[in-house]
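As structure tokens, the structure follows; a few thoughts come after it.
Letters A, B, ... are given to chains in the order of the sequence lines, protein chains preceding strands, and every chain is numbered from 1.
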2 protein chains.
Amino acid sequence: MSRTANKGHTTREAILDTGIALAREVGLGALTIGELAERVGMSKSGLFAHFGAKEELQLAVLRAAQARFDENVSRQAFLAPRGLARLRELYKRWLGWAASNRQPGGCLMLAAASEFDDRPGPVRDYLARQQEVWLAGLSRTVGFAVEAGELPENTDTEQFAFELFGLILSTHHHVRLLQDERYFALAQAGLERLINAAPLRKD
Amino acid sequence: MSRTANKGHTTREAILDTGIALAREVGLGALTIGELAERVGMSKSGLFAHFGAKEELQLAVLRAAQARFDENVSRQAFLAPRGLARLRELYKRWLGWAASNRQPGGCLMLAAASEFDDRPGPVRDYLARQQEVWLAGLSRTVGFAVEAGELPENTDTEQFAFELFGLILSTHHHVRLLQDERYFALAQAGLERLINAAPLRKD
DNA sequence: CAATAAAACGAACGGTCGTGCTATAAATTG
DNA sequence: CAATTTATAGCACGACCGTTCGTTTTATTG
């Protein structure tokens with residue numbers, strides 16, 4: 001017994017890999033079992049047996065995408081020391097993940113959030129939960145820069161995180177729709193303005 | 001002959017009204033002729049005859065939504081005098097349009113852009129074109145405030161517009177996904193920071 | 001009102017959807 | 001290697017998809 005890999009587990013991973021790619025192209029809602037099975041090279045029913053329901057497949061794809069995001073963005077950025085260094089590293093990796101058009105489809109979580117924000121159910125719940133966690137993590141990362149004395153003491157970290165998110169979204173939107181890499185420069189300038197004129201708490 | 005209204009034109013308008021609402025709920029790509037026909041109260045084939053192809057229906061729905069946006073946001077904001085007054089009015093109306101959850105589905109154009117940014121074709125082309133026009137209009141509106149002396153003379157209007165768009169997107173994203181009206185306050189603070197610490201040209 | 005044009009319908013088409021079942025093939029275990 | 005669990009395939013189902021076509025109803029016009 002090779003511990004990590006039953007046959008089932010192995011093919012399941014392969015399915016999710018291809019599923020992420022396919023969902024990026026057509027959208028998570030339009031992800032179809034037949035098309036996915038064909039790409040993976042197995043039968044519809046064989047693939048279906050792994051998940052038992054379409055919605056379970058969607059959730060599994062989403063969880064797999066989230067795991068890759070955590071690995072490539074969060075975990076890597078956490079290798080940088082607390083403060084502006086980590087914040088900058090996080091922003092750079094996040095931007096690369098979300099708006100890079102090296103691979104088609106952009107960020108699956110952002111696309112899925114936009115697609116499912118009006119469809120109650122487990123998918124939406126999962127996305128909302130992850131979003132809350134991510135926002136809180138962002139605020140904390142900004143907070144470390146405050147603690148390090150690299151941002152004003154009364155910086156509004158939530159406001160900072162909210163605006164940082166907006167910069168990512170604007171870049172994502174414009175790069176993907178208008179296919180113009182020029183927007184990365186605007187994203188960079190936006191971060192610098194956030195740092196140099198950070199939003200302050202009102203009280 | 002009542003000039004504006006053949007029977008055909010009238011029902012076409014009704015179809016588009018309902019079509020906008022339905023597309024907001026399920027997404028423009030998942031907009032279905034049968035479901036739409038049922039909601040309008042007519043036969044599938046009868047409805048289909050108005051457009052001749054699914055893609056034409058999608059484009060027609062998109063154009064109708066754009067017309068409503070222009071009417072309720074752009075045109076109304078242009079009643080305010082050039083400068084910060086108009087900019088603030090535009091922002092307020094845009095925010096209300098995009099992120100208000102009084103009616104379900106949020107902004108159709110934003111959702112459609114996210115859905116179609118990877119599907120080449122007329123729908124994507126239309127969305128990209130409208131996006132360029134809108135960004136240019138935003139920059140010009142900011143420029144008027146510069147001309148009025150209400151923003152620094154060397155304000156980077158494109159950067160300003162890009163960041164303004166990010167604030168709208170961040171609000172849209174968070175309000176719709178997390179159902180928390182609190183984010184409107186962050187949107188407002190973001191605009192004030194843009195005005196009080198406007199991005200400047202590098203040269 | 002009659003003639004004509006426009007609009008809506010109903011039925012059917014080939015496809016694909018998600019999802020059950022039953023049988024077979026492959027991997028794992030003793 | 002034999003026994004058994006696990007994974008995959010094949011087939012069928014009802015439902016709905018976009019689209020076509022011929023017919024019927026409704027508006028418009030002279």
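In this entry the distance linking CG of B:N6 with C1' of C:dA6 reads 9 Å, nearest Å. For the pair B:H9 NE2 and D:dA27 P, the computed distance is 17 Å after rounding to whole Å. Atom CD in B:E56 sits roughly 15 Å away from atom C1' in D:dT19 (whole-Å rounding). Atom-to-atom, CD1 of A:I15 to C1' of D:dT8 comes out at 10 Å; the value is rounded to the nearest Å. Look at CZ on A:F48: it is 15 Å from C1' on D:dG10, rounded to the nearest Å. D:dC17 atom C1' lies 13 Å from atom CD of B:Q58, rounded to whole Å. Atom CG of A:L47 and atom C1' of C:dT19 are 13 Å apart (whole Å). What separates NZ of A:K54 from P of C:dT19 is a distance of 8 Å, to the nearest Å.
For the pair B:R119 and B:F116, the distance from NZ or CZ to the six-membered ring centre is under 6.0 Å and the angle to the ring normal is within 45 degrees.
Note on A:L57: nothing from the nucleic acid sits closer than 4.0 angstrom, heavy atoms only. At a threshold of 4.0 angstrom between heavy atoms, the contacts of B:A49 with the nucleic acid are absent.
With respect to A:R124 and A:E115, no salt bridge is recorded, no charged nitrogen being found less than 4.0 Å from a carboxylate O. Between B:R88 and B:E150 there is no salt bridge, since no side-chain N of the basic residue sits under 4.0 Å from a carboxylate O of the acidic one. We find that B:D17 and B:R68 are joined by a salt bridge, their nearest charged nitrogen and carboxylate oxygen being less than 4.0 Å apart.
Atoms OG and CZ, on A:S170 and B:F165 in that order, are 6.5 Å from each other to the nearest 0.5 Å.
Nearest approach of B:L47 to B:M42, heavy atoms of both residues: N-CE, 3.5 Å.
Using a 4.0 Å cut-off, no side-chain N or O of A:H50 falls inside it from OP1 or OP2 of D:dT6. Between C:dA7 and B:T11, no contact under 4.0 Å exists linking OP1 or OP2 to a side-chain N or O.
Sorted by first and then second residue, the side-chain hydrogen bond (donor to acceptor under 3.5 Å, both in side chains) pairs with a member in residues 75-84 of chain B read B:E71-B:R75; sequence neighbours excluded.
In the displayed structure, A:K54 atom NZ is contacted under 6.0 Å by more than 12 heavy atoms of other residues, nucleotides or ligands.
Set against D:dG18, C:dT19, C:dG18, the side chain of A:A53 has C:dT19 as its closest nucleotide.
Across residues 33-45 of chain A, A:M42, A:S43, A:S45 each have a non-hydrogen atom less than 4.0 Å from an atom of DNA chain D (numbered order).
The end-to-end axis angle of the helix from C:dC1-D:dG30 to C:dA27-D:dT4, rounded to 10 degrees and based on five pairs per end, is 20°.
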Start with the C-alpha distance between B:H174 and A:Q131, add both sets of side-chain angles, then the distance that settles side-chain hydrogen bond (donor to acceptor under 3.5 Å, both in side chains), and finish with yes or no. CA-CA 8 Å; B:H174 289 102; A:Q131 179 63 26; 2.9 Å; yes

